[in-house]
Amino acid sequence: MTQALAVQLTEFGGPEVMKRVSFELPPPGSGDVQIRQTAIGFNYLDVYQRTGRYPLPTPTGLGHEAAGVVEAVGPDVGDLRVGDRVVYMNAGIGAYADRRNVPAAKLVKLPDGMADDVAAALFFKAMTAQYLVKTTYRVRAGDIVVVHAAAGGVGQILSAWAKALGATVIGTAGSPAKCEIARAAGCDIAIDYSTPDWVARVIDASGGKKAHVVYDSVGRSTFDGSLDIAAPFGYVVVYGAASGPIPPFDIDLLNRKGCLFLTRPSVFPHNATVDLLRANARDVFDAYEKGLIRAQIGARFGLQDIERAHIAAESRSTTGAIVITP
Ligand SMILES: NC(=O)c1ccc[n+]([C@@H]2O[C@H](COP(=O)([O-])OP(=O)(O)OC[C@H]3O[C@@H](n4cnc5c(N)ncnc54)[C@H](OP(=O)(O)O)[C@@H]3O)[C@@H](O)[C@H]2O)c1
């Protein structure tokens, strides 16, 4: 048995419901490995799950993503050894921990050139950007792409990747300072969507053509505008709801706005098999190695300070990724 520390919730609510618990971690079972986690990735999904917007059975851990080192290998594990550096983004809820046992099939070996904190800042978010630009809507040279919350964790990577594929990228963000960050991340134009005329300004920035695809992770406060800035036959990809869920609406609206395609995808089904996970991870590592995407660590917190990480994210005071150090 090894001593471990993890965040646990017995109820949903504010940041204070996250409690740290110590426990005896058993050796890894069949198909599992034990990892000592060196860097944990915060994702906005953690807030939805902590607040109960996406309910989990309690008691529960929290967190989806971490990087670390294999410390023990259970029976029937083929290709991982003690000392391997690994990352995961979907190995079961509970990444907010210093050590844990996870299925080997959910782990990806880290390339030598990628530091652990970079992996924790990048992996979940870049795997999200990867399917958004390659599968949900295949971004091509010459496309006009809108990325909402473009100074955020996913937003910066998504903007950079769409730009690398040859698109004109119009980013939106919540302040002039965040617009600067969105431009530095790869947006050709960045527009402050806290201003009342942001829809008109995005259409203007597109030269009146509107967007081939709008990537909307903000939800309630941007959705109506997203339908207005999509070109006829364009795609509106709602992949998050940081401002709250979108109320029910009449599907005929999509016809009136120009025969739009609307989808609400998730990273998990896109990486449901070992083969998909490893192929998409390879694509992410290649994009990183070629300098097409970067990790922007906007803030770091210790696991002891996890409440502060959530408060910072919910108050919109962060840019880029938050990394948590066990
Ligand atoms: N479907 C998927 O596969 C998938 C996977 C990963 C992430 N996501 C989603 O992608 C989004 C970005 O995730 P992330 O972890 O990189 O977070 P993030 O973008 O770093 O943080 C969320 C951002 O949303 C914006 N926002 C707008 N209205 C907000 C409000 N009322 N409250 C809080 N934030 C608000 C803020 O940017 P401004 O201040 O610039 O407005 C904030 O910084 C989240 O919605 C997440 O759920 C989806």
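We're numbering straight along the sequence, starting at 1. When a ligand or atom number is given, it counts from 1 through the structure's own listing order.
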Suppose we measure from [atom] to each protein heavy atom; which comes out shortest, and what is that distance?
{"atom": "atom 45 (O) of ligand 1", "result": "Tyr48 OH, 2.8 Å"}
{"atom": "atom 9 (C) of ligand 1", "result": "Tyr239 O, 3.6 Å"}
{"atom": "atom 19 (O) of ligand 1", "result": "Gly152 CA, 3.5 Å"}
{"atom": "atom 34 (N) of ligand 1", "result": "Arg316 CG, 3.4 Å"}
{"atom": "atom 11 (C) of ligand 1", "result": "Ser217 CB, 3.4 Å"}
{"atom": "atom 40 (O) of ligand 1", "result": "Gly174 N, 2.8 Å"}
{"atom": "atom 23 (C) of ligand 1", "result": "Ala149 CB, 4.2 Å"}

Contact check: [X] vs ligand 1, nitrogen or oxygen atoms, below 3.5 angstrom:
{"X": "Pro265", "answer": "yes"}
{"X": "Ser266", "answer": "no"}
{"X": "Val154", "answer": "yes"}
{"X": "Ser221", "answer": "no"}
{"X": "Thr128", "answer": "no"}
{"X": "Ala173", "answer": "no"}
{"X": "Lys125", "answer": "no"}
{"X": "Gly153", "answer": "yes"}
{"X": "Ser243", "answer": "no"}
{"X": "Tyr131", "answer": "yes"}

[atom1]-[atom2] distance between [X] and [Y], expressed to the nearest 0.5 angstrom:
{"X": "Met89", "Y": "Leu277", "atom1": "CE", "atom2": "CG", "result": "5.5 Å"}
{"X": "Asp84", "Y": "Leu107", "atom1": "CG", "atom2": "CG", "result": "9.5 Å"}
{"X": "Thr136", "Y": "Tyr239", "atom1": "OG1", "atom2": "OH", "result": "10.5 Å"}

Within a distance under 4.0 Å of any heavy atom of [X], pick out the atoms of ligand 1 and give their elements.
{"X": "Phe124", "answer": "5 (C), 6 (C)"}
{"X": "Arg264", "answer": "1 (N)"}
{"X": "Asn43", "answer": "15 (O)"}
{"X": "Val267", "answer": "2 (C), 3 (O)"}

Check each of [options] against [atom] and report the one with the nearest heavy atom.
{"atom": "atom 24 (O) of ligand 1", "options": "Ala242, Gly320, Ala151", "value": "Ala242"}
{"atom": "atom 37 (O) of ligand 1", "options": "Gln296, His270, Lys178", "value": "Lys178"}
{"atom": "atom 25 (C) of ligand 1", "options": "Tyr193, Tyr44, Tyr215", "value": "Tyr193"}

Completion exercise
Result for side chain to side chain contact (heavy atoms under 4.5 Å, CB included) between Arg201 and one of Ile229, Ile191, Ile170, Ile189 points to Ile191
Exercise for the section: Could you label the plane-to-plane angle of the His148 and Tyr193 rings as parallel, tilted or perpendicular, counting under 30° as parallel and over 60° as perpendicular? Expected result: tilted
Practice task
Indicate, with yes or no, if Val267 and Tyr88 share a hydrophobic cluster defined by side-chain heavy-atom contacts under 4.5 Å among Ile, Leu, Val, Met, Phe, Trp and Tyr.
Solution key: no
Centroid-centroid under 6.0 Å between [X] and [Y] rings:
{"X": "His310", "Y": "Phe42", "result": "yes"}
{"X": "Phe223", "Y": "Phe249", "result": "yes"}
{"X": "Phe123", "Y": "His64", "result": "no"}

With a 4.0 Å cut-off on heavy atoms, is [X] touching ligand 1?
{"X": "Ala241", "value": "yes"}
{"X": "Phe268", "value": "no"}
{"X": "Met127", "value": "no"}
{"X": "Phe42", "value": "no"}

Exercise for the section: State plainly whether the residues Asp286 and Arg282 are in salt-bridge range, i.e. N to O under 4.0 Å. Expected result: yes
Exercise for the section: Taking atom types as modelled, find out whether Asp98 and Gln37 have a side-chain donor-acceptor pair closer than 3.5 angstrom. Expected result: no
Practice task
For Arg20, look at atom CZ and say whether over 12 heavy atoms of other residues, nucleotides or ligands are found less than 6.0 Å away.
Solution key: yes
Exercise for the section: Please indicate whether Asp112 has more than 12 foreign heavy atoms, meaning atoms of other residues, nucleotides or ligands, lying under 6.0 Å from its CG. Expected result: no
Practice task
List the steps and the verdict of salt bridge (charged side-chain N to carboxylate O under 4.0 Å, His left out) for Glu314 and Arg50.
Solution key: CA-CA 12 Å; Glu314 282 179 280; Arg50 189 207 75 223; 2.9 Å; yes
Can you give each donor-acceptor pair under 3.5 Å made by side-chain atoms of residues 319-326, sequence neighbours left out, with the distance rounded to 0.1 Å?
none

Exercise for the section: Given salt bridge (charged side-chain N to carboxylate O under 4.0 Å, His left out), test Arg278 with Asp79 step by step and report yes or no. Expected result: CA-CA 13 Å; Arg278 294 197 176 156; Asp79 57 350; 3.1 Å; yes
